[in-house]
Amino acid sequence: MDLSFYAGKKVFITGHTGFKGSWLCKVLTLHGAKVMGYALKPNSTPNLFEIADIESTIIHIIGDIRDLEYLKKAINEFEPEIVLHLAAQPLVRESYLDPVSTYETNIMGTVNICEAIRGCKSVKSFVNVTTDKVYENKEWEWGYRENDRLNGFDPYSNSKSCSELVTSSYINSFYSQNKNLGVSTCRAGNVIGGGDFAKDRIIPDCIRAAHSKKDIIVRHPLSIRPYQHVLEPVIAYLYIAMMMYQDKVYSGSYNIGPDDNDCIKTGELTTLFCEKWGEGLKWINKGEENAVHEAKYLKLDISKVKQTFGLKPRWRVSEAVEKTIEWSKAYYSGKNIDVLMKQQILLFLED
Ligand SMILES: NC(=O)c1ccc[n+]([C@@H]2O[C@H](COP(=O)([O-])OP(=O)(O)OC[C@H]3O[C@@H](n4cnc5c(N)ncnc54)[C@H](O)[C@@H]3O)[C@@H](O)[C@H]2O)c1
């Protein structure tokens with residue numbers, strides 16, 4: 001895959017201090033893009049943004065996505081050609097604890113980025129990053145398609161369904177009159193990869209347990225999810241943004257996920273992790289009392305992105321787990337993470 005298009009391009013990313021945002025910045029700066037990031041400070045210690053030293057390679061703005069005036073000022077001063085919107089409260093369980101703030105960030109954040117783009121004539125391509133959870137989950141064994149009904153169950157998923165609708169309204173009401181602006185929403189499955197330190201996500205839980213030599217606790221081992229390496233959606237966002245920049249006809253909504261045989265149960269993913277980590281690591285099934293609702297089946301149909309762009313998954317889930325373990329072991333043994341991330345990115349693009 002050739003991303004040399006990005007050399008010298010001005011790219012504005014919201015949520016650049018997060019897990020996906022940090023990988024995105026690394027890929028973009030490796031290809032010579034000029035990046036401005038807008039987000040809150042990293043919210044965990046440690047965090048990938050600092051470990052990968054993203055700050056020294058981009059223009060780094062600490063700002064709240066709910067602050068429209070500050071967001072507009074940043075975007076208008078930078079005059080980006082491409083905008084990727086990732087800033088969000090991205091955790092289902094957190095959204096049960098604080099639904100109001102999840103809705104504020106995820107819905108008004110989308111309204112604000114759409115509004116800021118409306119007033120910024122330099123933007124030619126905009127990708128809104130939502131999630132596989134935007135669909136009304138019917139516990140189907142087959143994958144959701146882009147034209148299935150949007151209506152996420154919990155506040156996080158539902159706020160992302162709303163983010164899709166906000167984007168659609170801005171396209172219909174304002175952007176359709178702009179011949180030069182392409183807009184897409186991307187609905188990616190669960191990502192894994194080096195540098196995710198989030199609470200309540202299975203692979204970060206595995207790594208924390210493995211590092212402290214404890215058993216891994218799995219709450220929903222039978223849930224099926226479209227697990228994929230973080231570089232899969234990151235590269236897909238960049239590819240779609242590039243294609244829309246060249247021709248806005250590529251605007252649309254796209255699912256990004258693994259092939260059907262890599263949509264696996266969380267228990268299977270954890271077993272894979274234990275085998276590849278070694279050191280006798282084990283997991284235990286521990287359902288919780290008063291557990292919040294989580295869907296059992298969630299698969300994506302990725303025919304559209306394959307058909308439209310020829311994009312297909314590059315790393316099988318087992319390879320994604322290997323790369324995550326490689327990153328984590330390198331991190332805990334003090335190796336140079338910048339070098340490792342660049343190696344993984346180049347390998348991914350070659351495969
Ligand atoms: N990680 C996954 O498995 C996954 C799957 C599908 C979709 N997504 C989506 O991808 C995006 C990035 O997810 P992530 O896993 O990197 O999450 P993350 O928590 O690591 O990063 C979230 C980013 O959003 C920023 N942010 C949060 N609230 C903000 C606010 N009020 N103002 C400004 N910035 C704010 C944070 O500072 C951070 O930079 C999110 O939109 C998420 O919904 C993630």
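Keep in mind that this is a model prediction, so the values were computed, not measured. We use all heavy atoms of the structure for the numbers below, so side chains are in, but hydrogens, waters and symmetry mates are not. First listed ligand is number 1; within each ligand, the first listed atom is number 1.
- Checked against the 6.0 Å centroid threshold, Phe348 and Trp315 count as a close aromatic pair.
- Screening Leu300, Val317, Ile224, Leu298 for a side chain to side chain contact (heavy atoms under 4.5 Å, CB included) with Cys263, the sole residue that qualifies is Ile224.
- The single protein non-hydrogen atom nearest to atom 20 (O) of ligand 1 is Phe19 N, 2.8 Å, given as residue, atom name and distance.
- Nearest protein heavy-atom contact of atom 3 (O) of ligand 1 is Val191 N, 3.0 Å.
- Taking any N or O of Thr131, backbone or side chain, none lies under 3.5 Å from an N or O belonging to ligand 1.
- Within ligand 1, the atoms closer than 4.0 Å to a non-hydrogen atom of Ile65 are 30 (C), 31 (N), 32 (N), 33 (C), numbered from 1 in the order shown.
- Side chain of Thr29 to main chain of Cys25: a donor-acceptor pair is present (N/O by atom type, distance under 3.5 Å, no hydrogens or angles).
- The cationic group of Lys299 does not satisfy the cation-pi geometry with Trp142, failing either the under 6.0 Å distance to the six-membered ring centre or the 45° limit from the ring axis.
- Nearest to atom 44 (C) of ligand 1 among the protein's heavy atoms is Lys20 NZ, 3.4 Å.
- Checked by distance only, ligand 1 and Asp132 stay at 3.5 Å or farther apart across all their nitrogen or oxygen atoms.
- Between Tyr70 and Tyr38, the angle of the ring planes lies from 30° to 60°, which puts this pair in the tilted group.
- Of all atoms in ligand 1, listed by their number and element, those nearer than 4.0 Å to a heavy atom of Leu86 are 11 (C), 12 (C), 40 (C), 41 (O).
- Residue Leu40 holds the heavy atom nearest to atom 35 (C) of ligand 1 of all those in Leu40, Ile61, Val234.
- For ligand 1, the atoms closer than 4.0 angstrom to any heavy atom of Gly189 are 5 (C), 6 (C).
- Ring geometry, Phe49 versus His60: the interplanar angle falls from 30° to 60°, so the pair is classed tilted.
- Looking at Thr105 against ligand 1, only its side chain comes within 4.0 Å, counting heavy atoms.
- Cluster annotation: Tyr254 and Val183 are assigned to distinct hydrophobic clusters (Ile/Leu/Val/Met/Phe/Trp/Tyr, side-chain heavy-atom contacts under 4.5 Å, transitive).
- Checking Pro233, Pro90, Pro42 against atom 13 (O) of ligand 1, the nearest heavy atom belongs to Pro90.
- Looking at Thr185 and Thr130, their side chains never bring a donor and an acceptor atom within 3.5 Å of each other.
- Only the side chain of Tyr156 comes within contact range of ligand 1, with a heavy atom under 4.0 Å; no backbone atom does.
- Using a distance-only test at 3.5 Å, with no hydrogens or angles considered, no donor-acceptor pair links the side chain of Gln89 to the main chain of Ser101.
- Gly18 CA, 3.3 Å is the protein heavy atom nearest to atom 21 (O) of ligand 1.
- A salt bridge links Asp205 with Arg208; the closest basic N to acidic carboxylate O contact falls under 4.0 Å.
- In this structure, Gly63 has a heavy atom closer than 4.0 Å to ligand 1.
- For atom 31 (N) of ligand 1, the nearest protein heavy atom (residue, atom name, distance) is Asp64 OD1, 3.0 Å.
- Looking from atom 7 (C) of ligand 1 to the surrounding protein, the closest heavy atom is Thr130 O, 3.1 Å.
- Within the structure, the closest approach of Lys133 to ligand 1 does not fall below 4.0 Å when heavy atoms are considered.
- Nearest protein heavy-atom contact of atom 6 (C) of ligand 1 is Ala188 O, 3.3 Å.
- Residue contacts with ligand 1 leave out Leu91, since none of its heavy atoms falls under 4.0 Å from the ligand.
- With respect to atom 39 (O) of ligand 1, the closest heavy atom belonging to the protein is Thr17 OG1, 2.6 Å.
- Counting the atoms of ligand 1 from 1 in the order shown, those under 4.0 Å from a heavy atom of Asn190 are 3 (O).
- For the pair Lys335 and Trp327, the cation does not sit on the ring face, since its NZ or CZ is not both under 6.0 Å from the ring centre and inside 45° of the axis.
- Using cut-offs of 30° and 60° for the angle between ring planes, the Tyr144 and Tyr135 rings count as parallel.
- In the candidate list Arg201, Gln89, Lys199, Arg201 is nearest to atom 15 (O) of ligand 1, counting heavy atoms.
- At distances below 3.5 Å, not a single donor-acceptor pair connects side-chain atoms of Thr102 with backbone N or O atoms of Tyr156.
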